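Written below as structure tokens is the structure these notes are about.
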Amino acid sequence: MDEKYYAQKIEQKWQKRWAKNGTFETNVDETKEKFYCLEMLPYPSGRLHMGHVRNYSIGDALSWYKRLQGFNVLHPIGWDSFGQPAEQAAIKKGVNPREWTEDNIVQMREQLQRLGLSYDWSREIAAHRPEYYKFDQWFFLKMREMGLAYKKMTKVNWCPKDQTTLSNEQASGGVCWRCGHAVEKKDLAQWFFRITDYAEELLEGMEQLEDGWAERVLTMQKHWIGRSEGAFVEFKVQSSKFKVEDENSESIKVFTTRIDTIYGANSIVVAAEHPIIKANFDDFSDEVKTKIEEIRAELQKPKDYGEEIEKDGIDIGLKAINPFNNEELPVWIGNYVMMEYGSGAVMSVPAHDERDFEFAKKFDLPIRQVISEPHLVHEHQQMQALALEQAFTEKGVLVHSDFWNGKTSEDAKKEMTEFAEKQGFGEGAITYRLRDWGISRQRFWGAPIPIIYCDSCGEVPVPYDQLPVELPESAPFTGVGESPLARVPEFVNTVCPKCEKEDARRETDTMDTFVDSSWYYFRYTDPHNEILPFDPNAVNYWTPVDQYIGGVDHAVMHLLYTRFWTKAMRDMELVKFDEPVKKLLTQGMVVGESYYSDEHSTYFPEDSVNIKRDDRGKILSATLKEDDSPIKVAVEKMSKSKYNGVDPDDMVLIYGADAVRIFTLFAAPVENELVWQETGIDGAVRFLQRVYRYVNNWYSALKNTPKVEPDEFSPDARKLRQKTHQTIKRINENFETGQFNTPVAALMELLNSMNDFKVELNAANEGDLFAVNEAIKSLILMLTPYAPHICEELWEILTTSEEGILASNARLPIADEHWAKADELEIPVQVNGKLRSRVLASPEATNSELENLALADDKIKEHTNGKQIVKIIVVPSRLVNIVVK
RNA sequence: GCCGGGGUGGCGAAAUUGGUAUACGCACUAGACUCAAAAUCUAGCGGGAGCAAUCCCAUGUCGGUUCGAUUCCGACCUCCGGCACCA
């Protein structure tokens with residue numbers, strides 16, 4: 001054993017040995033209980049960042065912990081390797097996206113290996129490889145057969161100059177991010193997955209997840225799905241060319257969640273894209289036409305986040321009849337009504353809806369209160385109009401509503417909906433905010449959608465035996481124009497699988513990368529299957545995922561899509577459960593200190609600034625080295641542009657992977673933000689060095705440790721054993737509740753106790769050796785999830801066996817309650833709830849014994865002398881509280 | 001605006017879910033070792049009073065429940081995150 005702890009030497013040794021022995025490779029084993037530990041797969045950008053390190057350190061600790069408990073652990077990794085950055089690199093630097101991606105994977109894989117993460121590398125997958133995306137296409141075809149994949153026209157952000165589609169981010173501010181040209185909306189035929197079919201189930205399924213998923217994630221998903229209960233009501237329209245589904249009725253259908261307020265409706269407001277506008281456009285006055293164009297133009301512009309638009313609209317001259325009271329209402333167009341939600345038309349009830357109120361105020365439309373607070377019903381029924389200061393949106397009691405007067409909102413909603421249904425002008429309905437999932441991307445670097453267009457046969461799916469539809473080697477990457485694939489004739493031109501005519505064309509759009517990540521963790525269970533996405537037996541054994549770990553930024557999109565995908569797979573009879581992930585852990589961001597100037601909002605690297613701190617670390621002044629100008633300091637998410645990131649590789653090189661990992665897990669609870677402080681890693685290194693030194697000091701003496709537990713232990717040895725077993729107990733409890741920081745603290749405490757146990761090596765008796773040996777082996781096994789390299793090394797030294805911790809079948813120690821219990825307890829004694837003294841008592845002491853001990857204590861006597869003891873509260877082995885007057 | 005989660009030393013954070021508030025670590029201070037430094041070890045480290053034993057105050061603020069509140073209840077202040085014309 002080396003005198004000193006050389007992290008790099010030990011780490012390289014064990015990384016090699018693990019790889020050689022396939023230590024972390026797993027197979028289906030029905031005799032063992034399985035545990036599937038999954039971390040969100042990385043995008044191969046080329047460099048690992050600290051967020052990755054944190055994510056994987058958590059997963060790795062849990063994997064080790066479960067392995068050491070005897071579970072058969074699946075802990076895989078792969079690459080979310082399709083997507084924008086590769087294509088951007090191709091556009092900007094002219095590199096081939098495939099080569100760029102493969103190079104990045106090689107680099108990042110090495111980085112992961114240098115961290116010593118316990119992945120089963122034989123199961124590595126990458127989304128951009130044909131053997132993987134073949135099954136994206138396979139699933140697409142299945143979805144299409146089930147009616148879950150369909151094509152429809154939708155509006156996309158479109159740059160007319162570059163002739164290309166833009167994401168919302170690329171179109172921010174209403175201009176193209178490349179050329180600055182004004183962005184337009186364009187109709188484009190796009191493929192969708194019918195996730196809305198599962199809206200209700202996605203909502204209901206959350207009940208099963210309540211225990212294992214963070215509440216904030218569930219509420220975000222709930223909000224996203226946005227279920228609301230209400231009713232559609234039809235308002236007959238006079239003098240309109242407009243025709244709806246039922247050609248006999250000419251009416252506008254509105255959606256409302258407050259049918260109880262319908263007597264307060266003063267108008268109907270429709271969206272700019274509503275069919276009635278198009279149908280009657282020619283008949284509108286010029287003024288109306290201009291206004292409509294204006295509103296449409298305004299809506300064309302992509303909106304900036306958080307921007308509130310002033311209400312606008314115009315009376316288009318049509319009249320609609322309120323079916324409840326036959327009142328004739330004007331029809332308006334309004335910029336605040338969205339075509340995508342409900343039916344694209346609302347009844348405007350200003351008295352009871354804030355938006356309608358604002359609209360009515362602006363255009364001076366009548367505001368009529370029809371819901372009243374219960375205690376004001378009588379008054380309101382007497383008065384005709386009431387000057388409302390703001391909309392009254394609460395539920396209440398109906399007034400000015402004819403037959404329905406006096407009913408509560410709740411009752412009225414139910415009964416009025418039934419009435420509408422009976423009369424045939426409405427129906428109860430549930431709408432969702434959730435939209436179908438658009439998966440078409442006009443991009444090269446994604447899985448081609450396996451559809452062929454034939455002039456004779458139309459839209460033809462690629463037959464399963466012709467999958468995968470492979471991406472060509474390359475394409476013209478200009479960043480302008482339509483999908484790059486459209487300009488690769490060898491790809492586009494094909495034979496129709498149905499009629500075998502030669503002038504068929506392939507779909508040139510590729511799939512959203514969220515498709516790849518919706519099912520990748522099923523693929524890990526059987527990653528080399530060439531016929532099916534996975535073998536049902538493998539999936540049945542390994543899935544669902546027991547613990548998923550990742551950033552909260554995926555709370556909605558990825559985690560909702562993958563839940564949808566699982567339900568669809570269930571309906572394909574590929575899996576037997578509804579929810580793919582039992583427990584979800586959302587980790588916090590890794591943040592660092594960044595330096596910036598306010599006016600220019602430019603950031604400076606650390607070596608270009610002078611930071612003066614007081615001796616407690618508080619910043620006194622921060623200036624730029626160059627010209628002494630003052631700068632500002634903030635703690636923000638690590639990023640290259642802010643120069644506040646640290647490179648994991650540098651950290652591993654300087655401090656060692658074990659130290660980096662231990663610090664990452666120790667410094668903060670996993671769901672909190674983690675402030676990166678290099679002095680903190682020093683602490684982790686010191687701890688590991690102390691462990692190493694301790695073993696170095698004892699290991700030869702420990703060769704004489706008795707095999708059988710001796711009968712006699714000195715008081716100090718008993719204390720050490722007590723601490724050992726208490727620590728074991730604590731750490732097991734912590735891991736079960738997903739706490740990763742406190743076990744490290746517990747291990748540090750244990751080591752402190754071990755160091756406090758002062759026995760001369762050559763004077764150590766059997767009991768001492770046994771106690772030390774027990775403490776040290778327990779410490780090592782419990783530290784393994786955090787710092788596996790050093791623990792393997794120390795285990796090898798102590799056991800003089802090279803087989804390694806897992807192969808030796810070592811298990812996490814189990815606490816012995818007998819030893820965990822103290823011989824003597826220090827019981828705090830309070831007088832009137834204030835701590836006044838402590839007494840020593842046996843853990844078995846009865847309540848009255850404790851009372852007597854407390855009352856006999858000198859310090860307590862001082863506080864009770866001459867006072868009347870009202871009562872004494874004894875919490876067994878916890879505390880005594882004496883209440884005096 | 002709506003929804004959700006937080007506020008504990010100089011800092012990251014603990015606290016058996018109503019029972020010794022500040023474990024563990026960082027930073028800092030003093031001492032030992034050293035020619036010196038680093039490393040290591042020892043001690044101290046919420047605020048205030050006192051030579052001291054000890055006492056008072058302190059978990060965002062103010063109230064309440066309780067023998068006892070960081071924990072439960074009410075009001076407020078404040079920070080962070082999500083959503084945003086969803087009818």
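This one's a predicted model, so the numbers in the text were calculated from it and none came from an experiment.
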Round to a whole Å and report the spacing from [atom1] of [X] to [atom2] of [N].
X	N	atom1	atom2	result
A:Asp353	B:rC85	CG	P	13 Å
A:Asp260	B:rA87	CG	P	14 Å
A:Asn752	B:rG25	CG	P	5 Å
A:Lys723	B:rA23	NZ	P	13 Å

Hey, which sits more toward the 5' end of RNA chain B by its nearest nucleotide, A:Thr219 or A:Gly226?
-> A:Thr219

By nearest-heavy-atom nucleotide on RNA chain B, the more 5' of A:Arg730 and A:Leu674 is A:Leu674

Taking the side chain of [X] as its heavy atoms from C-beta onward, which of [options] lies nearest to it?
X	options	value
A:Arg693	B:rC67, B:rA87, B:rC41	B:rC41
A:Phe666	B:rG19, B:rG12, B:rA87	B:rG12
A:Pro669	B:rA23, B:rA13, B:rG19	B:rA13

Tell me, please, which residues at least two apart from A:Lys871 pass side-chain contact (heavy atoms from CB on, under 4.5 Å).
-> A:Ile873, A:Val883

Tell me whether B:rG9 sits syn or anti, counting syn as a glycosidic angle within 90° of 0.
-> syn

Base of B:rU61 relative to its sugar, syn (within 90° of 0) or anti?
-> anti

Indicate the ring-plane relationship of [X] and [Y], choosing parallel, tilted or perpendicular according to the 30° and 60° boundaries.
X	Y	answer
A:Phe324	A:Phe425	perpendicular
A:Phe392	A:His352	perpendicular
A:Phe255	A:Tyr341	perpendicular
A:Phe363	A:Trp332	tilted

Give A:Gln739 one of three labels, base, sugar-phosphate or nothing, depending on what nucleic acid heavy atoms sit under 4.0 Å from its own.
-> sugar-phosphate

Using a cut-off of strictly less than 4.0 Å, decide whether A:Asn672 has a side-chain nitrogen or oxygen near OP1 or OP2 of B:rG12.
-> no

If we take the C1' atom in both B:rG31 and B:rC77, what is their distance in whole Å?
-> 46 Å

Given the P atoms of B:rU71 and B:rU59, what is the spacing between them in whole Å?
-> 9 Å

Which residues pass the side chain to side chain donor-acceptor pair (under 3.5 Å) test with A:Thr417, sequence neighbours left out?
-> none

How does RNA chain B read in dot-bracket, base by base from 5' to 3', with Watson-Crick or G-U pairs under 3.5 Å and | used when the partner is on another strand?
-> (((((((..(((......[....))).(((((.......))))).((((....))))..(((((..]....))))))))))))....

Quick one: does A:Lys311 reach the base of B:rC85 with a side-chain donor-acceptor pair under 3.5 Å?
-> yes

